[in-house]
Amino acid sequence: MSTRPLRALLFLSFLSTAAQAAPETAPALAASPVQPAAPARATPPAPRRTVLLLGDSLIATGFGEYLQNQLAAHPLIRCERRAKSSTGLARPDFFDWLEVGQQEVKEHQPDVVVVIIGGNDGQALHTRQGHATVQWGKPDWQGEYRQRITDFVTAISAPGRKIVWLELPATGRQRFEQKLTLIRDLQREVISGREDAVHLETRPFFTDARGRALKQARVEGFRKPMRLRMTDGVHFTVAGGRYFANKVYPEVLGVLGLEAPEPEEQHTARPAAAPVKPAMQALVP
């Protein structure tokens with residue numbers, strides 16, 4: 001048999017096999033379609049919390065300003081402040097904290113209210129019309145003052161809101177301390193009995209190991225120990241106000257369930273609210 005027909009037959013067989021295999025291998029050569037990546041979902045910013053500072057000259061001056069600035073520098077906190085020197089709960093005819101407190105919480109709807117008040121309350125209790133009801137030192141004074149604390153705290157409270165009541169700092173003035181001791185005890189009694197309030201003891205901040213009033217201390221931003229009080233022994237120096245604010249700031253963050261921001265966050269945080277201009281210093285009895 002001639003080899004030419006055999007070669008032709010083999011060539012035709014090869015073409016037939018290739019044609020049958022091509023459809024089977026073609027799909028393997030096709031590229032898989034690329035699915036578009038799902039867009040990243042933006043994380044919603046954490047809600048800002050509001051802190052309201054209320055009080056007398058201690059809030060009106062350095063301590064209140066430093067504390068407000070520290071809180072307002074936190075990226076998750078908005079801080080407001082209302083202060084009036086020479087005021088308390090004893091003289092609503094001069095300044096009615098019950099009414100003012102209600103107005104402030106209604107306007108700002110705070111998550112936390114920080115209060116320091118009472119240093120001017122060692123006197124006769126008056127009505128809104130200016131009539132003296134109970135003289136200082138009389139048996140009925142404690143009961144009526146206790147009720148005024150209760151009414152004030154109730155007026156500024158709301159579901160979900162926390163109240164941080166700051167104990168009046170130790171002064172080292174013996175006669176003045178006799179009044180403050182009674183006022184502190186009544187405030188502690190009322191505040192400690194509430195689930196929505198925290199009574200912050202400040203005595204450890206301002207007394208030494210022997211229980212004596214602390215005259216100076218090391219303060220952040222100052223190279224040497226600084227005097228904490230002004231010559232009246234009650235109001236704070238610039239360093240003393242910063243010292244007290246540095247103690248209270250982490251306590252407020254704890255109540256809010258927040259941590260202090262990293263230094264980078266503090267530098268880029270929004271500026272603090274404009275400080276309240278202090279009125280005349282309280283006239284301490």
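You'll find the side chain of Gln135 stays beyond 4.5 Å of the side chain of Gln123, heavy atoms only. The closest side-chain heavy-atom distance from Pro110 to Arg49 is not below 4.5 Å. Thr207 is not listed as a side-chain neighbour of Arg212, based on a closest heavy-atom distance of 4.5 Å or more. Within the 4.5 Å cutoff, the side chain of Leu214 has no heavy atoms near those of the Phe205 side chain. Asn246 places none of its side-chain heavy atoms less than 4.5 Å from the side chain of Leu67. Thr237 is not listed as a side-chain neighbour of Met226, based on a closest heavy-atom distance of 4.5 Å or more. A heavy-atom distance below 4.5 Å is found between the side chains of Leu52 and Glu104. Between Asp111 and Val51 there is no side-chain heavy-atom pair separated by less than 4.5 Å.
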Criterion salt bridge (Lys or Arg N to Asp or Glu O under 4.0 Å) on Asp96 and Arg128, from CA distance to verdict: CA-CA 7 Å; Asp96 190 352; Arg128 291 177 175 175; 2.8 Å; yes

Can you check salt bridge (Lys or Arg N to Asp or Glu O under 4.0 Å) on Lys138 and Asp140, steps first, answer last? CA-CA 6 Å; Lys138 297 297 183 179; Asp140 294 342; over 6 Å; no

Check step by step if side-chain contact (heavy atoms from CB on, under 4.5 Å) holds for Leu125 and Trp136. CA-CA 7 Å; Leu125 302 178; Trp136 168 261; over 6 Å; no

Tell me, with the steps shown, if Asp208 and Arg210 meet salt bridge (Lys or Arg N to Asp or Glu O under 4.0 Å). CA-CA 5 Å; Asp208 60 19; Arg210 297 183 179 180; over 6 Å; no

Which is it for Val248 and Ile116 under the side-chain contact (heavy atoms from CB on, under 4.5 Å) test, yes or no, and what are the steps along the way? CA-CA 11 Å; Val248 175; Ile116 184 166; over 6 Å; no

If you apply the rule side-chain hydrogen bond (donor to acceptor under 3.5 Å, both in side chains), what do you find for His235 with Thr61, and how did you get there? CA-CA 9 Å; His235 295 95; Thr61 53; over 6 Å; no

Working for side-chain contact (heavy atoms from CB on, under 4.5 Å), residues Tyr145 and Leu89: CA-CA 8 Å; Tyr145 187 72; Leu89 302 178; 4.1 Å; yes

Between Glu251 and Val164, is the side-chain contact (heavy atoms from CB on, under 4.5 Å) condition met? List the steps. CA-CA 9 Å; Glu251 301 291 343; Val164 179; 5.8 Å; no

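Here the shortest heavy-atom pairing between Trp165 and Gln187 reads NE1-OE1, 2.9 Å. Residues Ala83 and Asp56 come closest through the heavy atom pair CB-O, 3.8 Å. Residues Phe152 and Leu98 come closest through the heavy atom pair CA-CD1, 3.8 Å. For the residue pair His74 and Tyr249, the shortest heavy atom distance occurs at CD2-OH, 3.8 Å. The two residues Thr202 and Pro169 come nearest to each other via the heavy atoms OG1-CA, 3.6 Å. Scanning all heavy atoms of the two residues, the minimum distance from Thr87 to Ile117 falls at O-CG1, 4.4 Å.
Donor-acceptor pairing under 3.5 Å is lacking for the side chains of Glu65 and Asn69. For the residue pair His126 / Thr133, no side-chain donor-acceptor distance below 3.5 Å is found, with atom types taken as modelled.
Between the side chain of Arg148 and the backbone N or O of Ala90 there is at least one donor-acceptor pair closer than 3.5 Å. Looking at Gln109, its side chain does come within 3.5 Å of a backbone N or O of Val105 through a donor-acceptor pair. The backbone N or O of Val234 sits less than 3.5 Å from a side-chain atom of Arg229, completing a donor-acceptor pair. Side-chain atoms of Arg78 come within 3.5 Å of backbone N or O of His108 as a donor-acceptor pair. Side chain of Lys179 to main chain of Gly122: a donor-acceptor pair is present (N/O by atom type, distance under 3.5 Å, no hydrogens or angles). Judged by distance alone, with hydrogens and angles left aside, the side-chain atoms of Arg173 form a donor-acceptor pair with the main-chain N or O of Asp232 at under 3.5 Å.
Between the OG atom in Ser85 and the CZ atom in Phe95 there is a gap of 10.0 Å [rounded to 0.5 Å]. Interatomic distance, Ile149 CD1 to Ile191 CD1, rounded to the nearest 0.5 Å: 7.0 Å. Here Asn120 contributes atom CG and Leu168 contributes atom CG; the two are 9.5 Å apart, rounded to the nearest 0.5 Å. Rounding to the nearest 0.5 Å gives a distance of 12.0 Å between CG of Asp151 and CD1 of Ile156. Rounding to the nearest 0.5 Å places CH2 of Trp97 at 11.5 Å from CG of Asp121. Atom CZ of Arg81 is separated from atom CG of Leu71 by 11.0 Å, given to the nearest 0.5 angstrom.
Not less than 6.0 angstrom separates the ring centroid of Tyr66 from the ring centroid of Phe236. Ring pair Tyr243/Phe206: centre-to-centre distance below 6.0 Å.
Each side-chain hydrogen bond (donor to acceptor under 3.5 Å, both in side chains) pair with one or both residues in residues 214-228, not counting sequence neighbours, would appear here, but there are none.
Considering Glu201, His199, Glu177, Glu167 in turn, Glu177 is the only one that fulfils the side-chain hydrogen bond (donor to acceptor under 3.5 Å, both in side chains) rule with Arg184.
For Glu189, the CD atom is densely surrounded, since the number of other residues' heavy atoms within 6.0 Å is greater than 12. More than 12 heavy atoms of other residues, nucleotides or ligands shown are found within 6.0 angstrom of CD on Gln129.
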